[in-house]
Amino acid sequence: MTDSCDILISGGGIAGLTAAAVFGAAGFDVICVDPTPPVTDRDADGSDLRTTAFLQPAHGLLQHCGLWDRLEPHAAPLQIMRIVDAGGDIPEPRVVRDFNAADISDQPFGWNLPNWLLRREMVARLHELPNVDFRPGTGTVSLFTRTAEARVGLSDGTRIRTKLVIAADGRNSPMREAAGIKVHTTRYGQKALAFAVTHPIAHENVSTEIHRSGGPFTLVPLPDWQGQPSSAIVWMERGPRAVDLLNLPEAEFEAAMTERSCGLFGPLKLASRRTIWPIISQSAERLSAQRVALMAEAAHVVPPIGAQGLNMSLGDLRSLLDLAQARPEGLGDAQMLEAYHKARHAEIELRVKGIDLLNRASMVEARPLRDARAVGLNALYSMPVVRKTLMQMGLGVR
Ligand SMILES: Cc1cc2nc3c(=O)[nH]c(=O)nc-3n(C[C@H](O)[C@H](O)[C@H](O)COP(=O)(O)OP(=O)(O)OC[C@H]3O[C@@H](n4cnc5c(N)ncnc54)[C@H](O)[C@@H]3O)c2cc1C
């Protein structure tokens, strides 16, 4: 069987589902495929317990495609980003600096939502869009391109003729491989534990990033859980230590994370499974090939610092949408894809390098380096212009 569409999206992770909603709402005929059906229940096996902090620029895009009204009731606003250096002899705060969104705008920095819930609401939105055909359980298996179109083979034997293939199929992207695009990868020997907690002390919409060694320990606000203040935690450590933590009995794990949090929120209590994620940096040499555009983790992977990962992906999406709407008759042609590569590649490289540096600074073990990190944080913070610029760069508005 052969089907056709304007845009075939390979991948129905958060990025692919958002892309399907955005292009569908803009009137394009979209087919989105993913071999793994989305898990949309928090406590089901395989549910994604990471959260996504959508930063300010995401708001317009999500509103435009009809997602924001579904997401807003579940979102926790992030008003303050607190950076804590706890790199002294004992795990206690020695430098605490608050970056307040009020210094640069009248909006919070962003809004935090669990990934499993995002999938649930995004799939529901796609069902409302008659020109979007979401096919969970089916993957892309082959790619053949010509100047005028791409032909993509699916795992159920169907062939799709399309003007544009968007590869949103993750860090090992099969469509990127089929298009022959190479990547540069950096491995840190580091993993992240992601889970939810409750705590007796309210978070007051403050996202807290604590640096000691091994990588940051970040608490991001969630709405209350079972009547208790709740946060999502991303705890980055060297690989073997992270695996040990994953396997600790619950009471010992709770004691370890309370110590690592410097007790800032009182005793932390696990409120979900623990999940573990390998940490790498990766960027694709090019963002496009004939009739193919790479976006999200197919194009760039960064350590989870400063909520950059998916927000960079939304930058990719905004750029693709603008180019597609400016010249719909040129959808997926060489001119559009060259413009996409030029618009995004340098910006992505800069962010991947910047986050790599921040991660290395957070991982340091040696005491003099940890002391230098605390001095650096103080110095940056004490210059108001630098502080504001850093906040704007973090949001992607500069
Ligand atoms: C611990 C952690 C915390 C994070 N926190 C944040 C945060 O707060 N804010 C933020 O912006 N980012 C954050 N990120 C990054 C963010 O989670 C990722 O950028 C995002 O989830 C990746 O989405 P994706 O859709 O590109 O990739 P994936 O989620 O990997 O999705 C790719 C999809 O492609 C599918 N696929 C594979 N093969 C095929 C095929 N042949 N055909 C079709 N589909 C295929 C897969 O099944 C998968 O569903 C975090 C990352 C980590 C590790």
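Residue numbers count from 1 along this sequence. Whatever order the structure lists ligands and atoms in, that order sets their numbers, starting from 1.
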Are W68 and F54 close enough that their ring centers fall under 6.0 Å?
no

Could you tell me whether R351 and E347 make a salt bridge, using a distance below 4.0 angstrom between a side-chain N and a carboxylate O?
yes

Among pairs that include at least one residue of residues 19-41, which meet side-chain hydrogen bond (donor to acceptor under 3.5 Å, both in side chains), considering only residues two or more places apart or in two chains?
none

Enumerate donor-acceptor pairs with a distance under 3.5 Å from any side-chain N or O in residues 220-228 to protein atoms, sequence neighbours excluded.
none

Can you pull out every ring pair (Phe, Tyr, Trp, His ring centres under 6.0 Å) where at least one residue sits in residues 262-294? Sequence neighbours excluded, please.
H199-F265

Going by an N to O cut-off under 4.0 Å, is there a salt bridge joining R327 and D333?
yes

I'd like the atom pairs linking ligand 1 to the protein - N or O on both sides, separation under 3.5 Å - with distances to 0.1 Å.
unit_1: ligand 1; atom_1: 5 (N); unit_2: T51; atom_2: O; d: 3.4
unit_1: ligand 1; atom_1: 8 (O); unit_2: T51; atom_2: O; d: 3.3
unit_1: ligand 1; atom_1: 8 (O); unit_2: A53; atom_2: N; d: 3.3
unit_1: ligand 1; atom_1: 11 (O); unit_2: A307; atom_2: O; d: 3.4
unit_1: ligand 1; atom_1: 11 (O); unit_2: L310; atom_2: N; d: 2.7
unit_1: ligand 1; atom_1: 11 (O); unit_2: N311; atom_2: N; d: 3.2
unit_1: ligand 1; atom_1: 11 (O); unit_2: N311; atom_2: ND2; d: 3.2
unit_1: ligand 1; atom_1: 12 (N); unit_2: L310; atom_2: N; d: 3.1
unit_1: ligand 1; atom_1: 17 (O); unit_2: R50; atom_2: NH1; d: 3.3
unit_1: ligand 1; atom_1: 25 (O); unit_2: A15; atom_2: N; d: 3.1
unit_1: ligand 1; atom_1: 26 (O); unit_2: E297; atom_2: N; d: 3.1
unit_1: ligand 1; atom_1: 41 (N); unit_2: T140; atom_2: O; d: 3.1
unit_1: ligand 1; atom_1: 41 (N); unit_2: T140; atom_2: OG1; d: 3.4
unit_1: ligand 1; atom_1: 42 (N); unit_2: S10; atom_2: OG; d: 3.4
unit_1: ligand 1; atom_1: 42 (N); unit_2: T140; atom_2: N; d: 3.0
unit_1: ligand 1; atom_1: 42 (N); unit_2: T140; atom_2: OG1; d: 3.0
unit_1: ligand 1; atom_1: 44 (N); unit_2: G11; atom_2: N; d: 3.3
unit_1: ligand 1; atom_1: 47 (O); unit_2: D34; atom_2: OD1; d: 2.8
unit_1: ligand 1; atom_1: 47 (O); unit_2: D34; atom_2: OD2; d: 3.4
unit_1: ligand 1; atom_1: 47 (O); unit_2: T36; atom_2: OG1; d: 3.4
unit_1: ligand 1; atom_1: 49 (O); unit_2: D34; atom_2: OD2; d: 2.6

